[in-house]
Each structure stands twice: as C-alpha cells, then as structure tokens.
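Encoded as structure tokens, the structure appears first; notes follow it.
Residue numbers begin at 1 in each chain, while the letters A, B, ... track the order of the sequences.
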Protein chains: 2
Amino acid sequence: MIDPEGPVPLYQQLAAILRERIERGDLVPNRPIPSVARLQQEYGLARGTILHTVRVLVEEGLIYVVPGKGAFVKAR
Amino acid sequence: MIDPEGPVPLYQQLAAILRERIERGDLVPNRPIPSVARLQQEYGLARGTILHTVRVLVEEGLIYVVPGKGAFVKAR
DNA sequence: ACCCATTTGTTCGTATGTATG
DNA sequence: ACATACATACGAACAAATGGG
C-alpha cells in the first residue's frame with residue numbers, strides 16, 4: 001500500500017488511499033473513518049503523518065472532524 | 001523522582017518507578033496500583049503519559065487492567 | 001430502574017524536539 | 001531554509017464499565 005521509499009510524501013500516499021476507499025464505498029457518508037491510532041497501526045505511520053493527511057482531506061471537503069468522536073465522511 | 005529535562009521519556013521514567021515500587025513490595029499482587037488520576041497528581045504528568053506507562057507495564061506482564069476498576073499487580 | 005462517583009478507554013487538537021533529505 | 005516524518009507530551013472531550021445508594 002504505502003511506499004516509504006518512493007518520491008511521494010507519505011501523507012499524500014495515505015490521502016490517495018483514503019480517497020479511494022471513500023470512492024469505492026468502503027468508507028461511507030456520515031460514518032467514521034478509522035481513528036488516527038487505527039490508521040497508525042494499519043499503515044505503520046506516525047501520528048503526525050496521519051493528522052497531516054486528515055487535514056488535507058478536511059481541506060478538500062471530503063471529510064469532517066468531530067473532536068473526541070472521530071473523522072467522518074461527508075455526505076454527497 | 002521524575003526529571004522532565006533528562007533524555008529519558010517521562011512514560012519510561014514512570015514505568016521504572018512503578019517497577020521499583022512493585023519490586024519493593026510497596027505495590028502488592030492482586031492489589032490495585034494508584035489510579036490514573038492519582039498518578040497524575042503524584043507525579044505531575046498528563047493523563048496520556050500515565051496511560052502510556054500502563055500500556056508498557058501491561059505488555060511486560062507486570063500488571064493487568066480491569067476497566068472501570070483499576071490496574072492490578074499480577075500475582076507471581 | 002435510576003442516578004452518581006470513580007475508573008479506565010478512546011478520540012482529536014496542539015506543541016515541541018529531533019532527524020533526514 | 002524548508003518539507004517531511006517520527007516520538008513525545010500536554011490538553012480536552014466523549015465514552016464505557018464498575019459499584020454504591
């Protein structure tokens with residue numbers, strides 16, 4: 001999945017993966033994406049890197065975050 | 001006790017302290033160690049740091065946790 | 001059945017320090 | 001100088017489990 005050697009930044013690689021999981025319907029609207037801790041385990045990335053990715057997807061309008069709850073896929 | 005300046009991470013320093021308290025018999029088998037809130041006050045550390053330490057000691061097999069009750073020193 | 005206090009579990013937000021390319 | 005990435009640490013909110021009244 002993630003290529004730590006390649007030229008593409010890890011946070012961008014993860015963003016691409018999550019975009020595709022949303023696209024595929026693996027992650028669905030109004031339902032939470034995996035937690036930061038979970039994504040850390042799943043992809044072997046540091047917390048800061050996950051948070052970076054989340055910021056990117058929020059800025060893209062793909063997800064929204066509720067502190068203390070999770071990050072959710074936006075409807076539509 | 002805890003040296004916030006030193007090179008050793010705080011959660012590791014606390015782990016060392018608790019290991020020693022168990023070793024000394026200050027904390028005894030099948031009896032709870034101080035609560036997270038108590039350890040926070042005693043050592044002036046953040047909740048997350050205490051939880052980190054607890055995870056470490058659980059992984060070492062020194063203590064076990066009962067949610068809603070506390071963390072207990074393992075027998076033997 | 002209900003409330004309440006205590007305790008641990010989980011979640012994101014933010015900041016700092018270090019290291020690498 | 002800058003971006004990326006990791007580890008650590010503090011804070012805050014929400015959640016679940018336990019036990020007492």
Inset, instruction - Whole angstrom is fine here: how far is it from CD1 in A/Ile50 over to P in C/dC12? - result: 10 Å
Legend entry - pair A/Leu14-A/Tyr43: side-chain heavy atoms closer than 4.5 Å: yes
Inset, instruction - Side chain of A/Ser35 only, please: which of C/dG13, D/dG11, C/dT11 is the nearest? - result: C/dT11
Inset, instruction - Measure from the side-chain heavy atoms of A/Leu10 and tell me the nearest of C/dG13, D/dC6, D/dC10. - result: D/dC6
Inset, instruction - Kindly point out which of D/dA9, D/dA5, C/dT11 is positioned nearest to the side chain of A/Thr49? - result: D/dA5
Legend entry - Interatomic distance, B/Asp3 CG vs D/dT8 C1' [rounded to whole Å]: 15 Å
Inset, instruction - Counting heavy atoms from C-beta on, name the nucleotide in C/dG9, D/dC6, D/dT8 closest to the side chain of B/His52. - result: D/dT8
Inset, instruction - Measure from CG on B/Leu39 to P on C/dT6 and round the result to the nearest Å. - result: 16 Å
Inset, instruction - Give a yes/no answer on whether the side chain of B/Lys69 brings an N or O atom under 4.0 Å of OP1 or OP2 in D/dG19. - result: yes
Inset, instruction - May I ask you to test the B/Lys74-B/Leu62 pair for a side-chain heavy-atom distance under 4.5 Å? - result: no
Legend entry - A/Ala37 side-chain proximity, nearest of D/dA15, D/dG11, C/dT11: C/dT11
Inset, instruction - Could you check which of D/dA15, C/dT14, D/dG11 has an atom nearest any side-chain atom of A/Arg47? - result: C/dT14
Inset, instruction - Quickly work out the A/Ile63 CD1 to C/dT11 C1' distance and round it to whole Å. - result: 14 Å
Legend entry - B/Leu45 CG - D/dT8 P separation (whole Å): 14 Å
Legend entry - Length of the CD-C1' vector between B/Gln41 and C/dT7, whole Å: 13 Å
Inset, instruction - Round to a whole Å and report the spacing from OH of B/Tyr64 to C1' of C/dT7. - result: 15 Å
Inset, instruction - Measure from the side chain of A/Val65, starting at C-beta and using heavy atoms only, and say which of D/dA15, C/dG13, D/dC10 lies closest. - result: C/dG13
Inset, instruction - Nearest-nucleotide wise, let me know which of B/Gly48 and A/Gln12 is further upstream toward the 5' end of DNA chain D. - result: A/Gln12
Inset, instruction - Please check if atom CD in B/Gln41 has more than 12 non-hydrogen atoms from other residues, nucleotides or ligands closer than 6.0 Å. - result: yes
Inset, instruction - Give a yes or no on whether B/Ile2 and B/Val56 share a hydrophobic cluster (residues Ile, Leu, Val, Met, Phe, Trp, Tyr; joining criterion: side-chain heavy atoms under 4.5 Å apart). - result: no
Legend entry - Side-chain N or O of B/Tyr11 closer than 4.0 Å to phosphate OP1/OP2 of D/dT8: yes
Inset, instruction - Indicate yes or no for a side-chain donor-acceptor contact from A/Thr49 to the backbone of A/Tyr11 under 3.5 Å, with no hydrogens or angles considered. - result: no
Inset, instruction - Among the candidates D/dC10, C/dG9, D/dT4, find the nucleotide nearest to the side-chain atoms of A/Pro9. - result: D/dT4
Legend entry - Interatomic distance where CZ belongs to A/Phe72 and P belongs to C/dT11 [whole Å]: 11 Å
Inset, instruction - Could you tell me which nucleotide pairs with D/dA1 by Watson-Crick or G-U wobble geometry, both distances under 3.5 Å, or answer none if nothing does? - result: none
